[in-house]
Amino acid sequence: MIRAYSKSLTPHKSFQFYNKILQSNDVMSPDNYTFNFLVRTCAQSACEAGPAVHGALIKHGFEYDPHVESGLIFMYAEMSCLSSCHRVFESVQKPDLVCQTTMVSACAKCGDIGFARNLFDSMPQRDFVSWNAMIAGYAQRGQSREALNLFKLMQMDGVKVNEVSMISVVTACTHLGALDQGKWAHAYIEKNKIQMTVNLGTALVDMYFKCGNVDRALKVFWEMNEKNVYTWSTAIGGLAMNGYGQKCLELFSFMKHEGIAPNEITFISVLKGCSVVGFVDEGRSHFDSMKRDHGIEPRLEHYGCMVDLYGRAGRLEEALNFINTMPLKPHAGAWGALLNACRMYKNMELGEFASRKLIEVEGKNHGAYVSLSNIYADTGNWDRVSNVRQSMKAEGISKLPGCSVMEVNGEVHEFFSGDKSHPSYDVIETMWGEISKRLKLAGYVASTNSVLFDIEEEEKEDALCKHSEKMAIAFGLFSLKEGLPIRIVKNLRICWDCHDVSKMISKIFEREIIVRDRNRFHHFKDGECSCKDFW
DNA sequence: ATAGGGTTAG
């Protein structure tokens with residue numbers, strides 16, 4: 001009965017029932033299986049009864065077995081209670097394969113990837129589940145390159161690879177923006193006849209979108225014979241992210257036509273789709289339909305999207321009005337969207353107000369300062385720019401270092417802004433000299449507005465190559481075969497100058513450049529960008 | 001036949 005309750009995901013009920021068993025004397029005591037079910041059910045539903053079950057287990061003096069212990073470790077990991085995981089693990093006299101694998105997974109989940117790896121390396125035996133746990137641990141912590149390296153080792157060891165392994169591999173490629181490796185993973189899946197589950201298919205669709213290959217993403221999407229709301233939302237969001245607002249909305253209609261119920265995440269993607277193409281009224285009507293037609297209460301994120309929708313279309317007053325009349329307390333996302341719109345439309349006064357509000361709700365944060373200083377720079381208020389810089393220095397707020405990642409011949413290269421440690425840095429510098437010459441011949445004048453902010457005056461000339469995406473472009477121009485597009489993944493938003501330069505390079509060098517920045521994609525071709533200079 | 005690996009979308 002407890003197991004029946006556990007399976008129907010009602011931990012409180014199964015816990016109550018368990019208490020009843022303990023109180024009545026004429027019923028058998030729960031056995032290890034039952035305890036295990038209880039603990040795992042508590043873990044799954046983030047139920048605080050888990051530790052109580054553990055306490056009862058100790059009190060009744062049940063004999064421990066590795067399965068119950070791994071259940072306990074799993075439960076504490078779900079509660080992010082690493083010290084309890086360690087306590088349980090240390091109490092095990094002879095941890096078996098299952099118990100050790102659980103511990104690897106638990107430590108990775110709670111952030112101690114180093115311990116997880118040491119344990120993994122010290123295991124006398126490992127099977128494919130242990131490998132999957134370790135690889136997924138890296139993928140979840142964003143250590144994508146480590147995940148891919150470990151996958152290589154897994155293959156060298158001749159361990160069986162299944163669809164769970166491939167989900168981690170594809171996810172790692174997604175985060176790196178590594179299209180070649182992603183394609184390789186896709187081919188590997190097909191060649192080895194790995195089962196194409198909904199999860200794996202959705203991960204592939206997401207990977208192709210986030211690597212900027214819309215055609216392949218859609219191809220995989222349409223070929224999937226089973227799709228769920230995650231799959232649809234991934235595709236709708238992927239189209240929006242790549243600037244295909246119209247297609248994104250068409251897909252949304254089609255999804256509803258197919259009888260798939262959209263959820264709150266689907267609507268975030270839909271609103272973003274409206275935003276990138278400036279369909280304010282259509283966005284508004286989708287927003288209104290959320291509650292009316294689908295019973296979905298808009299959350300802060302949806303309100304943030306609406307502010308962005310109005311702001312991006314230049315309707316700053318309406319954006320502000322929307323914030324002022326929203327029923328929830330405006331969060332950083334809402335003020336940030338307004339601030340970004342003020343930057344796009346060079347509205348200094350409203351921008352100052354928005355950045356004050358942003359700091360009010362989010363605390364001292366580099367984002368608010370950087371955007372504000374960019375507005376000042378764009379409107380020529382240099383003394384204010386330096387004021388912001390000084391107060392940042394005084395408050396001890398540093399800019400996040402820019403980082404661009406690019407794949408060449410299946411190898412992933414990282415470039416950090418202002419960092420000369422790349423092995424080919426000398427060639428990059430020479431190449432950049434050549435690029436600047438040709439840019440100047442084509443009439444390029446450095447728009448140093450957003451660059452000036454983070455460099456010293458005397459470095460101005462040199463500084464233009466310091467942004468990580470420029471280093472990546474220079475490297476890509478000489479290391480990638482002609483005709484191959486340069487694909488870059490950046491951790492921050494692309495700056496105005498890099499955007500300008502990329503447009504010109506795409507024309508002068510006849511090279512397509514695709515940049516995925518923090519916010520969206522930029523497809524540069526023939527001197528133009530798919531974002532139409534709005535981002 | 002149970003009990004270790006994944007949850008992809010903002």
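Residue numbers begin at 1 in each chain, while the letters A, B, ... track the order of the sequences.
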Next on the checklist: Can you identify which nucleotide, out of B:dA9, B:dG5, B:dT7, has its nearest atom closest to the A:Ser105 side chain?
Outcome noted: B:dG5
Checklist entry - For A:Asn225, does the CG atom sit with more than 12 other heavy atoms under 6.0 Å from it, leaving out its own atoms? => result no
Checklist entry - Rounding to a whole Å, what distance do you find between A:Arg516:CZ and B:dG10:P? => result 10 Å
Checklist entry - B:dG10, B:dA9, B:dG4: which one has an atom nearest the side-chain heavy atoms of A:Thr234? => result B:dA9
Item to check | Check: A:Ser285/A:Asp288 side-chain N/O donor and acceptor closer than 3.5 Å | outcome: no
Checklist entry - Where does the angle between the aromatic ring planes of A:Tyr188 and A:Phe151 fall among parallel (under 30°), tilted (30 to 60°) and perpendicular (over 60°)? => result perpendicular
Item to check | A:Leu97, nearest nucleotide to its side chain (from B:dG4, B:dA9, B:dG10) | outcome: B:dG4
Checklist entry - Can you name the one residue among A:Asn491, A:Val489, A:Leu492 that meets side-chain contact (heavy atoms from CB on, under 4.5 Å) with A:Cys403? => result A:Asn491
Checklist entry - Going through the checks in order, is the side chain to side chain contact (heavy atoms under 4.5 Å, CB included) test met by A:Glu190 and A:His186? => result CA-CA 6 Å; A:Glu190 287 180 342; A:His186 190 184; 3.4 Å; yes
Checklist entry - Is there a residue in residues 236-261 of chain A whose heavy atoms reach under 4.0 Å of DNA chain B, and which residues are they? => result A:Met241
Next on the checklist: Can you identify which nucleotide, out of B:dG4, B:dT8, B:dG10, has its nearest atom closest to the A:Ile268 side chain?
Outcome noted: B:dG10
Checklist entry - Distance check: side-chain N/O of A:Lys210 vs OP1/OP2 of B:dT8, anything under 4.0 Å? => result no
Checklist entry - Heavy atom of residues 168-194 of chain A under 4.0 Å from DNA chain B: which residues? => result none
Next on the checklist: Looking at the base of B:dG4, is there any donor atom on it, or on the side chain of A:Asp127, that sits under 3.5 Å from an acceptor on the other one?
Outcome noted: yes
Next on the checklist: Determine whether A:Val104 and A:Met123 satisfy the following criterion, side chain to side chain contact (heavy atoms under 4.5 Å, CB included), listing intermediate values before the conclusion.
Outcome noted: CA-CA 10 Å; A:Val104 166; A:Met123 284 165 68; 4.2 Å; yes
Checklist entry - Checking all strands, does A:Asp206 fall into the base, sugar-phosphate, or nothing category for heavy-atom contacts under 4.0 angstrom? => result sugar-phosphate
Item to check | Worked verdict on A:Lys109 versus A:Phe74 for side chain to side chain contact (heavy atoms under 4.5 Å, CB included) | outcome: CA-CA 10 Å; A:Lys109 208 170 270 170; A:Phe74 177 70; 4.2 Å; yes
Checklist outcome for this item: Quick note, A:Thr102 side chain, CB onward, closest among B:dA9, B:dG6, B:dG4 is B:dG4
Checklist entry - Where along residues 132-166 of chain A does a heavy atom fall under 4.0 Å from DNA chain B? => result A:Asn132, A:Ala133, A:Ala136, A:Gln140, A:Asn162, A:Val164
Checklist entry - Between A:Tyr303 and A:Ile323, does a side chain to side chain contact (heavy atoms under 4.5 Å, CB included) hold up when you go through it step by step? => result CA-CA 8 Å; A:Tyr303 286 97; A:Ile323 292 183; over 6 Å; no
Checklist entry - Just checking, is any N or O donor in the side chain of A:Thr202 or A:Asn199 under 3.5 Å from an acceptor N or O on the other one? => result no
Checklist entry - How is A:Arg126 classified with respect to the nucleic acid when contacts are heavy atoms under 4.0 Å: base, sugar-phosphate, or nothing? => result nothing
Checklist outcome for this item: Against the side chain of A:Arg299, the closest entry in B:dG10, B:dG5, B:dA9 is B:dG10
Item to check | Any donor-acceptor N or O pair under 3.5 Å, side chains A:Asp308, A:Ser275 | outcome: yes
